[in-house]
Amino acid sequence: MSSYRAVQVTKGSGGWGGPLTILPTEEKPYIASVTGGGIHPVAERIAELTGGIAIDGFSSKVEPDEMACVVIDCGGTARCGVYPKLGVLTVDVTPASPSGPLMNFIKESNFVSGVQVSNVGLPGEAAAAEAVEQQKKSAQELKAEARAKVAQLQGQQAPHKPNFIEKIGRAMGKVVGIFYQAGRDTVDQVLRNILPFMAFVSTIIGIILYTGIGDVLANVIKPLAGNMIGLLIISIVCALPFLSPLLGPGAVIAQVVGVLVGVEIGRGNIPPQLALPALFAINPQVGCDFVPVGLTLGEAKPETIEVGVPAVLISRQITGPLAVVIAYIMSIGLYSN
């Protein structure tokens with residue numbers, strides 16, 4: 001008899017999705033934590049209640065088909081959709097709703113966000129029994145059953161060979177359908193991602209200008225963002241290997257600092273020729289939280305991940321300042337009268 005127990009994970013304040021019933025098995029014993037290094041308390045709690053094995057996804061590779069669930073801290077970019085696409089139950093400790101290029105894979109049945117330790121608990125016997133029944137059939141078995149039903153229905157129908165006109169009509173309908181769906185996806189991405197981001201930036205700028213905090217922040221930012229030495233210091237700090245994975249999720253730090261720098265450039269407190277170097281100075285941490293996920297998607301071996309993650313993080317410490325220097329050289333004379 002299995003020693004694993006089922007737990008129910010519900011959404012937290014401002015969260016979305018769920019509830020999820022998580023039940024590890026002998027084939028899927030791991031509770032993977034991909035939250036900037038270390039094992040998140042939510043992952044520890046799930047492992048404690050289920051009897052599963054909590055593992056740091058940054059230092060060790062775990063195959064998706066070995067994960068009972070994965071705990072992430074994504075604010076709505078790649079990881080939110082990567083694991084649901086791979087068929088892994090996803091627990092996001094950050095309040096987030098479906099967004100990004102893989103949002104179509106994010107469902108209430110495989111994703112829950114805003115989760116805190118208090119949102120993890122033991123379900124009733126009915127929920128546990130339902131989870132056991134769902135795990136008795138693998139995805140391959142369900143697909144095989146669906147194909148068998150389709151084949152049976154097709155076998156009952158008389159074969160029909162489409163004529164030339166029907167082929168043209170179907171081809172044209174397929175093309176129109178592709179373009180129509182592309183238009184729908186584009187509008188959906190604009191409404192869900194681009195417009196909210198524009199509203200966010202506008203709000204930040206409004207707060208800075210209305211409250212006068214811009215004058216206070218200018219005195220803090222100007223000594224650093226107003227010269228090359230300061231920009232190099234910013235890039236070095238943002239690229240610190242133990243800090244960059246924590247600054248990466250949602251790119252919140254880069255967004256806020258970028259808006260502040262942009263406002264000060266508009267006010268004339270920072271020279272405009274430093275705009276490009278400043279962009280690279282505040283962004284060396286981009287993607288650092290995604291390194292283990294990217295290596296997993298690339299089917300890297302565990303040894304490769306153990307070496308690859310620190311290698312990428314340390315390399316950012318070198319390439320970050322170099323990018324600032326290159327951007328500064330390319331900006332010479334760009335804004336001259």
Side-chain angles (χ1 to χ4, degrees), residues 4-24 28 30-58 62 64 67-100 102-128 130-131 134 192-193 196-197 199-200 203-204 245-253 255-256 289-290 292-293:
Y4 297 113
R5 295 174 297 174
V7 297
Q8 189 173 66
V9 181
T10 58
K11 64 183 178 181
S13 177
W16 184 91
L20 301 183
T21 300
I22 299 172
L23 177 60
K28 297 183 176 183
Y30 295 111
I31 313 298
S33 177
V34 187
T35 54
I39 299 177
H40 195 275
V42 170
E44 292 180 346
R45 181 61 174 169
I46 295 175
E48 176 186 352
L49 294 179
T50 61
I53 304 172
I55 188 169
D56 181 4
F58 263 81
V62 185
M67 298 180 184
C69 73
V70 61
V71 178
I72 63 175
D73 60 347
C74 182
T77 49
R79 281 176 296 167
C80 279
V82 166
Y83 288 108
K85 181 181 180 181
L86 296 174
V88 181
L89 297 179
T90 305
V91 178
D92 194 349
V93 299
T94 303
S97 57
S99 61
L102 300 177
M103 61 176 293
N104 291 333
F105 296 97
I106 303 175
K107 310 293 182 183
E108 291 184 345
S109 59
N110 61 17
F111 181 87
V112 63
S113 66
V115 177
Q116 305 298 322
V117 174
S118 59
N119 298 117
V120 181
L122 295 174
E125 294 181 358
E130 180 181 356
Q134 289 178 349
R192 288 179 174 269
N193 297 308
F197 175 73
F200 166 76
T203 302
I204 293 294
L246 302 178
L247 298 178
V252 175
I253 301 300
Q255 291 176 16
V256 174
D289 59 318
F290 191 73
V293 181

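Along the sequence shown, the residues carry numbers beginning at 1. Because only heavy atoms are used, hydrogens play no part in the values below, and waters and symmetry mates are left out as well, while side chains stay in. Small disclaimer: the values here were computed from a predicted structure and weren't measured.
- Shortest non-hydrogen contact noted between F111 and L20 is N-CD2, 3.9 Å.
- Considering every non-hydrogen atom in both A6 and L23, the closest pair reads N-CD1, 3.4 Å.
- A side-chain contact (heavy atoms from CB on, under 4.5 Å) with V9 is found for exactly one of I22, T21, V42, namely I22.
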Under 3.5 Å, sequence neighbours excluded: what are the donor-acceptor pairs made by side chains of residues 112-122?
unit_1	atom_1	unit_2	atom_2	d
S113	OG	W16	N	2.8
S113	OG	W16	O	3.4
S113	OG	A96	N	3.3
S113	OG	A96	O	2.6
N119	OD1	Q116	N	2.8

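- Contact between P19 and Q8 at its shortest, heavy atoms only, is CB-CG, 4.0 Å.
- Closest approach of V88 to P64, counting heavy atoms only: CG2-O, 3.6 Å.
- Looking at every heavy atom in both residues, P84 comes nearest to N110 through CB-ND2, 3.8 Å.
- Residue L89 holds its CG atom at 11.5 Å from CE of M67, rounded to the nearest 0.5 Å.
- Here OG1 of T94 is found 5.0 Å from CG of D73. Values are rounded to the nearest 0.5 Å.
- Taking Y30 as the reference, I53, I55, V62, E66 meet the side chain to side chain contact (heavy atoms under 4.5 Å, CB included) condition, with sequence neighbours excluded.
- A search for salt bridge (charged side-chain N to carboxylate O under 4.0 Å, His left out) contacts involving E48 returns R45, not counting sequence neighbours.
- With hydrogens and angles disregarded, a donor-acceptor distance shorter than 3.5 Å links the side chain of R5 to the backbone of L49.
- The two residues A43 and A54 have their closest heavy-atom pair at O-CB, 4.1 Å.
- Side-chain contact between H40 and V93 is present, with at least one heavy-atom pair separated by less than 4.5 Å.
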